[in-house]
Protein chains: 2
Amino acid sequence: MKKYDISFDTFLKNFKEHVSKLGFKNSIQKDYILKNLYYSEDHLTAEDIVTYVKREYNIDVGIATVYRTMKFFEEMSIVNSLDIGDGTKRYELNLSLHHDHMICTACHKIIEFADEIIESQQILVAKENNFDLKNHVMTIYGLCENCQ
Amino acid sequence: MKKYDISFDTFLKNFKEHVSKLGFKNSIQKDYILKNLYYSEDHLTAEDIVTYVKREYNIDVGIATVYRTMKFFEEMSIVNSLDIGDGTKRYELNLSLHHDHMICTACHKIIEFADEIIESQQILVAKENNFDLKNHVMTIYGLCENCQ
DNA sequence: TTTTATGCAAACATTTTGCAGTCAC
DNA sequence: GTGACTGCAAAATGTTTGCATAAAA
């Protein structure tokens, strides 16, 4: 659904250079996990990633590697994690402009949205509290159009 | 820290009547879990609740009962749950006005805040998307004053 | 007396960790 | 060759469930 401003190849190349510069090592697992995140739908669980990478690219990745890699990607700030309330972490690429989520409590559909007023107000609130804002998550729960 | 507009005794009395009317049964476990939520700090884990109820009131409550009770309270809309990103659910009484959280990623301190502009903008965004808003969660991550 | 709630222990699901072997640089 | 990465299996963690008993209405 969502397209990014940067092509996958460019993104991957940049990322691999970045990894090298920091003294970490690249691997085909990292490459294909990233490729999968780039081209698949958002909001994948670790299990999803294992399944999809195998199905789409025929690459075997262990679930432990996925968890470790996602933690690594989060620290690199190229991935965000998301909890839709079912006790399972989901991951999405952090390449697009910041957006938030509306989650339907009936069908679990996820609607993404971005609102500039909310964004700027958050920055203001953080400043008022002498808080050094790094990231934020906003989730609206309710019923989507179909489920009302 | 936070005081509610309603006394615990009044709140408990109302709640017990409500439970009866719906055909459920009251119990001292429910009473003391509620009492603990009312008087303790916010953002307790299930484990915290077991520990505190024992310590403060010398009442034994099983962890399974806490989970079941919190689910029940959430369905009654008197409790909210909160995920601060460490994989453990935390609970707080839903008696006060809506507020959101800023969480320090270094010391895990939680700062509560309420912002009317953000609140009203959320309602607007939901409306624009034909989404029937029931609840929402907003969390800002970053560094608190002390940890910067 | 009927039905719901509780507590225990077992089950379950998700995530993390230790370790031996592999791969990148 | 060294150090980081991977995969497996085991462990750890958090949460849920089945069942017998207890308590509420």
Side-chain angles (χ1 to χ4, degrees), chain A residues 12-13 15-36 43-51 53-54 57-76 78-91 108, chain B residues 12-13 15-36 43-51 53-54 57-76 78-91 108:
Chain A
L12 182 63
K13 185 166 158 289
F15 181 68
K16 291 176 84 145
E17 282 170 9
H18 187 54
V19 168
S20 296
K21 268 186 204 134
L22 292 171
F24 297 107
K25 286 177 181 166
N26 287 292
S27 68
I28 56 165
Q29 286 84 354
K30 286 201 187 87
D31 294 356
Y32 280 95
I33 290 173
L34 268 189
K35 187 165 187 177
N36 182 57
H43 319 119
L44 302 175
T45 66
E47 207 68 65
D48 289 340
I49 293 170
V50 170
T51 307
V53 167
K54 173 68 180 174
Y57 310 112
N58 202 37
I59 302 283
D60 286 301
V61 187
I63 189 90
T65 299
V66 172
Y67 281 112
R68 280 186 284 231
T69 304
M70 298 322 277
K71 193 164 284 181
F72 179 74
F73 286 170
E74 281 196 82
E75 278 160 15
M76 306 271 111
I78 62 166
V79 157
N80 294 323
S81 71
L82 172 72
D83 176 7
I84 71 168
D86 64 350
T88 312
K89 255 187 180 168
R90 276 152 218 281
Y91 302 94
H108 298 107
Chain B
L12 183 63
K13 185 166 158 291
F15 180 69
K16 291 178 84 145
E17 281 170 9
H18 187 54
V19 168
S20 296
K21 269 185 202 133
L22 291 172
F24 297 106
K25 288 175 181 169
N26 288 292
S27 69
I28 55 165
Q29 286 82 353
K30 285 200 187 86
D31 294 356
Y32 281 94
I33 289 173
L34 268 187
K35 187 165 186 175
N36 181 57
H43 320 119
L44 302 175
T45 65
E47 207 68 65
D48 289 340
I49 293 170
V50 171
T51 307
V53 168
K54 174 67 180 174
Y57 311 112
N58 202 38
I59 302 283
D60 286 301
V61 188
I63 189 89
T65 299
V66 172
Y67 281 113
R68 280 187 285 234
T69 304
M70 299 321 279
K71 191 165 283 181
F72 179 75
F73 287 169
E74 280 196 83
E75 278 160 15
M76 306 271 112
I78 62 165
V79 157
N80 295 322
S81 70
L82 171 73
D83 176 8
I84 69 168
D86 63 351
T88 312
K89 257 187 179 168
R90 275 151 219 280
Y91 303 94
H108 298 107

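So you know, we letter chains A, B, ... as the sequences are listed, proteins then strands, and number each from 1. Model, not experiment: these values are computed from the prediction.
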Without placing hydrogens or testing angles, list every side-chain donor-acceptor pair under 3.5 Å for residues 61-76 of chain B, not counting sequence neighbours.
residue : atom : partner : partner atom : Å
B:Thr69 : OG1  : B:Thr65 : O            : 2.6
B:Glu74 : OE1  : B:Ser81 : OG           : 3.3

Between [N] ([atom2]) and [X] ([atom1]): distance, integer Å:
X: A:Tyr32; N: C:dC23; atom1: OH; atom2: C1'; value: 16 Å
X: A:Asp31; N: D:dC5; atom1: CG; atom2: P; value: 13 Å
X: B:Met70; N: C:dT6; atom1: CE; atom2: P; value: 13 Å
X: A:Leu22; N: C:dA24; atom1: CG; atom2: C1'; value: 16 Å
X: A:Asp83; N: C:dT14; atom1: CG; atom2: C1'; value: 12 Å
X: A:Met76; N: D:dA4; atom1: CE; atom2: C1'; value: 13 Å
X: A:Arg90; N: C:dT14; atom1: CZ; atom2: P; value: 9 Å
X: B:Leu44; N: D:dG14; atom1: CG; atom2: P; value: 15 Å

Notebook entry, point to check: Does any donor atom in the side chain of A:Asp48 or A:Thr45 lie under 3.5 Å from an acceptor atom in the other side chain?
Noted result: yes
Checklist line | OP1 or OP2 of D:dG7 under 4.0 Å from side-chain N/O of A:Gln29 | finding: yes
Margin query: Can you tell me how far apart CG (A:Asn36) and CD1 (A:Ile49) are? Round to the nearest 0.5 Å.
Written below: 6.5 Å
Next item on the list: Drop me the distance from B:Phe15's CZ to B:Leu34's CG, to the nearest 0.5 angstrom.
Entry: 5.5 Å
Margin query: So if I define the base as every atom that isn't primed, P, OP1 or OP2, how would nucleotides 15-25 of chain D read as a B/S/- string at a heavy-atom cutoff under 4.0 Å?
Written below: BBBB-----BS
Item checked: Heavy atoms from other residues, nucleotides or ligands near NZ of B:Lys54 exceed 12 (cutoff 6.0 Å) -> yes
Notebook entry, point to check: For B:Gly62 and B:Gly23, take the nucleotide of DNA chain C holding the closest heavy atom to each; which residue's nucleotide lies nearer the 5' end?
Noted result: B:Gly23
Next item on the list: Report the C-alpha distance between B:Leu82 and B:His43 in whole Å, list the side-chain angles of each, state the deciding distance to 0.1 Å, and finish with yes or no for side-chain contact (heavy atoms from CB on, under 4.5 Å).
Entry: CA-CA 7 Å; B:Leu82 171 73; B:His43 320 119; 3.2 Å; yes
